[in-house]
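Worksheet: the structure to be examined is printed underneath.
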Amino acid sequence: MKRTPMDLEIRGFVESSFLDWDGKIVSTLYVAGCNFRCPFCHNSGLIEKPQDYEIIPLERIEQFMLERKDFLDGICLTGGEPCMHKKRGLFEFLRHIKDLGFQIKFDSNGTDPECLKDVIDQKLVDYIAMDIKGPLDERYDKLSGVKTDLSKIKQSIKIVMESGIRYEFRTTVVPTLLETKDIEDIAKYIAGAEKFVFQQFVAAHTWDESLRSIKPYLREKLDEMVEASKPYVANTLIRGA
Ligand code: SF4
């Protein structure tokens with residue numbers, strides 16, 4: 001069956017965001033569903049009960065964006081995990097947005113390297129933000145909340161780093177789950193990467209309720225993590241703190 005851009009179910013629409021793509025103004029679009037269960041995720045509703053979120057018609061998104069083409073740079077497609085929709089209109093949707101003349105930032109958890117390779121090879125994305133939940137070893141499962149095929153994550157890291165397009169790797173720094181040594185181990189693995197971003201942990205609405213009382217790391221601790229990472233990734237920065 002031939003897919004169309006309308007087949008991709010967008011279930012969240014932030015009309016204008018200054019925060020989701022450094023230096024750009026974008027509409028942020030959310031798809032439902034994810035194959036991870038990160039304990040610190042605050043989109044659990046979108047993942048477990050997508051039917052509670054209305055599907056936003058493509059025409060509405062398109063009309064909003066076209067009327068603001070002078071100041072909107074493009075979209076950030078996030079989730080959930082967009083690659084879970086690769087057979088449900090993902091590629092057609094991205095192509096449609098590109099054909100309208102907008103740029104695309106693509107968020108992914110890196111579990112589907114073939115999908116990442118396809119969106120890159122087909123020139124459907126301008127920027128990739130890939131999560132690296134934790135060090136690339138037995139510690140990963142605790143951060144992703146599921147048994148994770150690390151070979152896929154490693155393939156995705158390689159594909160992104162060799163893609164020739166702009167990208168960042170990002171890690172949510174969750175107290176009790178990640179320490180400076182863990183961050184340093186991630187940085188070593190992605191040595192030479194273009195950008196490594198630490199996202200400040202936000203305790204509200206986390207999937208794992210026991211994390212809701214955890215205080216985020218103080219700035220000094222985050223700075224210590226940045227210093228530990230910088231010998232490997234010079235462009236390491238903190239977001240949200
Ligand atoms: S990968 Fe992202 S959307 Fe999926 S569970 Fe983890 S934090 Fe939530």
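First listed ligand is number 1; within each ligand, the first listed atom is number 1. Heads up: numbering here begins at 1 and tracks the sequence. Hydrogens, waters and symmetry mates play no part in the numbers below; they use all other heavy atoms, side chains included. Everything numeric in this text was worked out from a predicted model, so none of it was measured.
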Heteroatom N/O/S of Cys38 within less than 2.8 Å of atom 4 (Fe) of ligand 1: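 No, since none of the N, O or S atoms of Cys38 sits under 2.8 Å from atom 4 (Fe) of ligand 1.
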Asn35 heavy atom under 4.0 Å from ligand 1: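 Flag not set, Asn35 not near ligand 1.
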Criterion ring pair (Phe, Tyr, Trp, His ring centres under 6.0 Å) against Phe64, the qualifying member of Phe13, Phe71, Phe102: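 That would be Phe13.
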Polar contact flag, side-chain donor to acceptor under 3.5 angstrom, Glu224-Thr180: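 There is such a pair between these side chains.
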Glu59 side chain to Gln63 side chain, donor-acceptor N/O pair below 3.5 angstrom: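 Side chains of Glu59 and Gln63: no pair found under 3.5 Å.
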Structural part of Thr172 in contact with ligand 1, heavy atom criterion under 4.0 angstrom: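 It is neither; nothing of Thr172 touches ligand 1.
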Gamma sulfurs of Cys115 and Cys83 within less than 2.5 Å: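 Bridged: Cys115 to Cys83.
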Identity and separation of the nearest protein heavy atom to atom 4 (Fe) of ligand 1: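 Answer for atom 4 (Fe) of ligand 1: Cys34 SG, 2.3 Å.
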For atom 3 (S) of ligand 1, closest protein heavy-atom neighbour: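 Closest protein heavy atom to atom 3 (S) of ligand 1: Gly80 N, 3.4 Å.
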From the candidates Arg37, Glu81, Lys133, the one that places a heavy atom nearest atom 2 (Fe) of ligand 1: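 Nearest heavy atom to atom 2 (Fe) of ligand 1 lies in Lys133.
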NZ/NE/NH1/NH2 to OD/OE distance under 4.0 Å, Lys221 and Asp223: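 Judged by the 4.0 Å cut-off on N to carboxylate O distance, Lys221 and Asp223 do not form a salt bridge.
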Minimum heavy-atom distance between Met6 and Leu58, given as atom pair plus value: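 Between these two residues, the closest heavy atoms are SD-CD2, 3.8 Å.
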N, O or S from Cys41 under 2.8 Å to atom 8 (Fe) of ligand 1: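 Checking atom 8 (Fe) of ligand 1 against Cys41, an N, O or S atom does fall under 2.8 Å.
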